[in-house]
Protein chains: 2
Amino acid sequence: MTRSEENYIKIIFHLGKSEKKGISTNAIAKQMDTKPSSVTDMVKKLSDKGLVNYRKYQGVSLTPVGRKKALSIVRNHRLWEVFLVEKLDFSWDEVHEVAEQLEHIKSEQLIDKLDKLLGFPRFDPHGDAIPTKEGEFKERIKQLLSEAPLNSMGICVGVRDSSAPFLKFLDKNNIALGQTIKVLEKEEFDGSFIIEIDKKKMHISNQIASNLYLKMDEV
Amino acid sequence: MTRSEENYIKIIFHLGKSEKKGISTNAIAKQMDTKPSSVTDMVKKLSDKGLVNYRKYQGVSLTPVGRKKALSIVRNHRLWEVFLVEKLDFSWDEVHEVAEQLEHIKSEQLIDKLDKLLGFPRFDPHGDAIPTKEGEFKERIKQLLSEAPLNSMGICVGVRDSSAPFLKFLDKNNIALGQTIKVLEKEEFDGSFIIEIDKKKMHISNQIASNLYLKMDEV
DNA sequence: ACAAATTTTTAGCTTTGTCTAAATATATTT
DNA sequence: AAATATATTTAGACAAAGCTAAAAATTTGT
Ligand SMILES: [Mn+2]
Ligand SMILES: [Mn+2]
Ligand SMILES: [Mn+2]
Ligand SMILES: [Mn+2]
């Protein structure tokens, strides 16, 4: 598989997680930062190779083989992100671009050994699950802070938006994965929240609240 | 620079070390495993970009800019090789292929941090010098075992052939970098040697002797 | 010095992945 | 049910990097 094919497969995988029907040409084009006509061409090629199901005008979905391949690339990407943060002291907002390159390095041995060096991590620095070598992938049960019931508590386990500006904002406000957050109040007017974190009360906008994932305490 | 351009520049650099005049199209083609006509095309492009000096039929050489770029790629390659051996437990005969891919990852920060993680190594697993970030590069003073005077001693610091079969042969015979070797006898008939290594006498063929570098003890 | 052999370049073609513009299919309004 | 808007595909072109075959330059051998 070429690098470009791998990127298409990966994006179709990500889009497919939240979409039941076929993924549209336009959606892929937007993510790939390319034109819909280019997507049509590529999608035909991937279909010929048995990696996607494609019927003209009906969108695409991954075949089992394509899904397996996508999971492998996602695995690479996320393991490299862990490496960059844990071993090279990158911050979590700096790793994505580099991992976009590293994910395409072809060497099974390399990934196996990297996995071992990192202690077989199950989640990447943004809280996203790392598929196993065997292609198993289940996302953690989690809930957006903005949808958590009042007075509930949970551990911050992930971000929905993992763009650098958002991650930097969290750093600045001392919000990090692993912290316990209690949802105290919701202001209905603007959808903002008052939460307790680190024994301190804090006010966060709806924008923030709807991009933080919590694993709720079972009470 | 594209990956292909980088590979050409790197090969021109390596060929240029042992060649005074311009590097020939054919020599590059052989190393790149491509056809001379393709080399001509690429060399023109590199010339247009100011990376090589090229006059038709006269071969090519690197410009200062091209050399700087080549050193950067060699630096990447060798740092990654150190990483693979030191941190991921690859053996020295397994790292080259993977480093060929990793050397093209574009991130200055990544290389700086990798360098730091590895403790700013000056030589790669095969004993080859690692160019500095600033583009300084001097090879270690060393001598082929086959050209060392009888009864001289030295430390094994490098290999000329770093192909997997040769490296595996050395492993099998417990010859490794850092070991002290004394040159005891030379058999003029076949050019083979008797050496002392690890307090044991050993017979090695001329083939082996002329692919091992020693840093001679000053006496 | 010239013919032969070798090396290098040129010309023209291929594949990959992209683009624009035009055509066609699907979806949304009226 | 049209008409209109939007999404998608097709057709034709382009740049990168490679190839083969033929032409041209250089080197070598006599
Ligand atoms: Mn990422
Ligand atoms: Mn991530
Ligand atoms: Mn190498
Ligand atoms: Mn090396």
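Chain A is the first sequence line, chain B the second, and so forth, proteins listed ahead of strands; every chain is numbered from 1.
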Under the side-chain hydrogen bond (donor to acceptor under 3.5 Å, both in side chains) rule, what pairs show up with a residue in residues 17-29 of chain A, not counting sequence neighbours?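 For residues 17-29 of chain A, and leaving out neighbouring residues, the side-chain hydrogen bond (donor to acceptor under 3.5 Å, both in side chains) pairs sorted by first residue read A/His14-A/Lys17.
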
Check step by step if side chain to side chain contact (heavy atoms under 4.5 Å, CB included) holds for A/Val60 and A/Ile28. CA-CA 10 Å; A/Val60 303; A/Ile28 298 169; 3.7 Å; yes

Rounded to whole Å, please give me the gap between CZ in B/Arg55 and C1' in C/dT8.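 Taking atom C1' of C/dT8 as the reference, CZ of B/Arg55 is at 14 Å.
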
Atom CG of A/Leu46 to atom P of C/dT18: distance rounded to whole Å?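 Distance check: A/Leu46 CG to C/dT18 P gives 11 Å.
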
Contact state string [nucleotides 23-29 of chain C, B base, S sugar-phosphate only, - no protein heavy atom under 4.0 Å]: -BSS---

Within residues 3-29 of chain A, residues whose heavy atoms come under 4.0 Å of DNA chain D: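 Residues of residues 3-29 of chain A that come under 4.0 Å of DNA chain D are, in numerical order, A/Ser24, A/Thr25, A/Asn26.
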
What are the residues of residues 33-43 of chain A, sorted by number, that bring a heavy atom to within less than 4.0 Å of DNA chain D?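 Those residues are A/Pro36, A/Ser37, A/Thr40.
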
Residue list, ring pair (Phe, Tyr, Trp, His ring centres under 6.0 Å) with A/His104, at least two apart or on another chain: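 For A/His104 there are no ring pair (Phe, Tyr, Trp, His ring centres under 6.0 Å) partners, ignoring immediate neighbours.
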
Taking side chain as C-beta onward, heavy atoms only, is [X] less than 4.5 Å from [Y]?
X        : Y        : value
A/Ile9   : A/Met1   : yes
B/Val183 : B/Leu145 : yes
A/Arg78  : A/Val82  : no

Under a 3.5 Å distance rule, please check whether A/Thr40 uses its side chain to pair with a backbone N or O of A/Pro36 as donor and acceptor.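 The answer is yes, because a donor-acceptor pair under 3.5 Å joins these two groups.
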
Is there a donor-acceptor pair closer than 3.5 Å between any side-chain N or O of A/Gln143 and the backbone N or O of A/Glu147?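 Side chain of A/Gln143 to backbone of A/Glu147: a pair is present.
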
Report all side-chain donor-acceptor pairs from residues 120-141 of chain A shorter than 3.5 Å, counting only partners two or more places apart or in another chain.
| residue | atom | partner | partner atom | Å |
| --- | --- | --- | --- | --- |
| A/Asp124 | OD1 | A/His126 | N | 2.7 |
| A/Asp124 | OD1 | A/Gly127 | N | 3.1 |
| A/Asp124 | OD1 | A/Asp128 | N | 3.1 |
| A/His126 | ND1 | A/Glu81 | OE1 | 3.1 |
| A/His126 | NE2 | A/Trp92 | O | 2.9 |
| A/Thr132 | OG1 | A/Glu134 | N | 3.3 |
| A/Thr132 | OG1 | A/Gly135 | N | 3.3 |
| A/Thr132 | OG1 | A/Glu136 | N | 3.0 |
| A/Lys133 | NZ | A/Glu108 | OE2 | 2.8 |
| A/Lys133 | NZ | A/Asp112 | OD1 | 3.2 |
| A/Lys133 | NZ | A/Asp112 | OD2 | 3.2 |
| A/Arg140 | NH2 | A/Val157 | O | 3.4 |

Strictly below 4.0 Å, N to O, side chains only: are A/Lys106 and A/Glu6 in salt-bridge contact?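 A salt bridge links A/Lys106 with A/Glu6.
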
